[in-house]
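Note sheet for the following structure.
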Protein chains: 2
Amino acid sequence: MKADEKSAGRRSRAVAAKRTLIVNAALTLFSQFGLQGTRIEQIAELADVSKTNLLYYFPSKEKLYLAVLQDILTVWLIPLRALDNGLPPLEAISHYIRLKLEVSRDYPRASRLFCLEMLQGAPVLRGELEGDLHQVVDEKAQLIRRWIGEGALAETEPYQLIFMLWSVTQHYADFASQVEVLTGKTLQDPEFFSETLASIQQVIIGGLRPR
Amino acid sequence: MKADEKSAGRRSRAVAAKRTLIVNAALTLFSQFGLQGTRIEQIAELADVSKTNLLYYFPSKEKLYLAVLQDILTVWLIPLRALDNGLPPLEAISHYIRLKLEVSRDYPRASRLFCLEMLQGAPVLRGELEGDLHQVVDEKAQLIRRWIGEGALAETEPYQLIFMLWSVTQHYADFASQVEVLTGKTLQDPEFFSETLASIQQVIIGGLRPR
DNA sequence: GTCTATACAAAGATAGAC
DNA sequence: GTCTATCTTTGTATAGAC
């Protein structure tokens with residue numbers, strides 16, 4: 001383009017905006033139909049650009065898929081990293097459940113795409129699981145062990161506890177259609193969100209309270 | 001074929017056996033790559049039949065997919081139907097957790113395909129969810145309500161409890177790759193199975209115990 | 001950067017011989 | 001029932017004009 005170095009900033013912003021638009025559309029479709037199940041043309045249509053134009057921004061479907069996954073990983077580790085010892089143990093866990101359920105409510109597509117990746121054996125994210133995620137999880141497992149040692153928490157296998165926290169919260173994103181068929185409700189409904197949060201917290205915290 | 005009516009039984013059995021073989025291979029691949037992500041040729045290869053021959057038994061990929069899903073649904077409702085009042089409430093739930101975790105261990109592919117179907121908004125199974133599943137779940141929700149009324153269980157929203165039971169057990173099938181990366185273990189490992197079962201039962205049952 | 005046209009490959013499905 | 005050959009559609013990606 002005619003833009004010289006001085007206008008690179010403006011150009012970059014425009015390019016970035018379009019890339020974001022495409023990634024967003026891609027997230028919608030990839031999370032529903034997977035990599036193979038999504039056609040480039042569908043994404044282009046949803047993002048309101050031409051197929052050719054999309055391929056100008058992302059040279060191949062795989063590259064686009066990768067870009068989407070990297071994007072959601074950023075969001076992914078936030079709640080777990082936030083699980084710290086700034087609060088009393090049971091409150092910290094209670095708070096974590098809220099954060100994670102908010103992720104299910106606010107980023108359901110990201111949650112579902114993550115799930116899809118796991119179902120397939122994490123072909124793309126395996127590296128990140130073994131690196132970043134593993135490290136954070138180990139760290140938090142230590143924290144939980146300390147809490148148990150201090151008698152603030154019932155005896156539990158830390159990993160198992162983490163899996164439980166993940167699963168019960170993530171369920172409302174991944175199985176949203178089932179939840180909706182059976183209850184007629186979504187986490188978007190504030191009352192249903194509160195009821196869900198309260199139920200999970202009640203059972204889990206109740207089960208973790210030391211006797 | 002030359003078989004007359006009298007040998008129809010034998011022929012039927014042979015046909016049924018081959019159909020089973022194909023459905024089994026299809027389950028493996030569909031559960032990993034979904035409907036669109038799986039090629040007929042892959043299934044044929046895994047089932048050790050030719051592509052053309054597979055298409056003789058199942059006229060199209062969609063028909064095969066449907067056959068697979070119908071097969072897994074049979075397995076699906078068994079544990080929930082078995083949740084009854086033959087036992088004291090907390091023991092009944094404890095037993096249900098075991099059954100459901102055994103399903104995750106013994107039918108991981110079916111669990112994952114079910115998950116995949118839900119992720120996509122249940123395009124194929126929606127009807128079954130609204131019919132069969134809805135009915136059984138309503139029935140069990142009533143049962144749980146009765147238990148709560150009798151003071152045998154802490155106050156909880158029955159649907160939320162059912163979702164919790166589903167999610168914590170199903171997680172070990174759907175997110176098996178994540179579990180394996182983080183712990184190095186599978187439910188196939190008897191010790192890990194026991195540890196998992198005990199952890200879930202401890203937390204959930206502890207949280208459900210009336211105060 | 002965006003478009004039209006098109007090359008190229010993959011995959012589902014069918015025809016017809018045996 | 002099973003095979004070989006083939007048709008047809010669809011989808012990814014590129015070429016080249018503007």
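Quick note on labels: first sequence line is chain A, next is B, and so on, each numbered from 1.
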Inset, instruction - Go through the side-chain N and O atoms of B:Q160 and A:Y172 and say whether any donor and acceptor fall under 3.5 Å apart. - result: yes
Inset, instruction - Tell me yes or no: between the side chains of B:Q170 and A:S167, is some donor less than 3.5 Å from an acceptor? - result: no
Can you tell me how far [atom2] of [N] sits from [atom1] of [X], to the nearest Å?
X	N	atom1	atom2	answer
B:Q36	D:dT12	CD	C1'	16 Å
A:R19	C:dG1	CZ	P	11 Å
B:D48	D:dT2	CG	P	12 Å
B:I43	C:dA11	CD1	P	12 Å
A:K61	D:dT10	NZ	P	15 Å
A:L55	D:dA15	CG	P	13 Å
B:L54	C:dA11	CG	C1'	13 Å
A:E41	C:dT4	CD	C1'	14 Å

Taking any heavy-atom pair under 4.0 Å as a contact, classify [X]: base, sugar-phosphate, or nothing.
X	value
B:T52	base
A:K51	base
B:I40	sugar-phosphate

Inset, instruction - May I ask you to evaluate whether A:K18 reaches the phosphate of C:dT2, defined as a side-chain N or O under 4.0 Å from OP1 or OP2? - result: yes
Inset, instruction - Look at the side-chain N and O atoms of A:Y57 and state whether any lies under 4.0 Å from the OP1 or OP2 oxygen of C:dT2. - result: yes
Inset, instruction - Would you check if the side chain of B:S31 reaches a backbone N or O of B:A110 as a donor-acceptor pair within less than 3.5 Å? - result: no
Legend entry - A:E117/A:R112 salt bridge by N-O under 4.0 Å criterion: no
Legend entry - Candidates A:H134, A:K140, A:Q142, A:Q135 - the one meeting side-chain hydrogen bond (donor to acceptor under 3.5 Å, both in side chains) with A:D138: A:H134
Inset, instruction - Tell me which nucleotide among D:dA13, D:dT12, C:dA13 gets nearest to the side chain of B:S60. - result: C:dA13
Legend entry - Nucleotide of D:dG11, C:dG1, D:dT2 approaching B:N53 most closely (side-chain heavy atoms): D:dT2
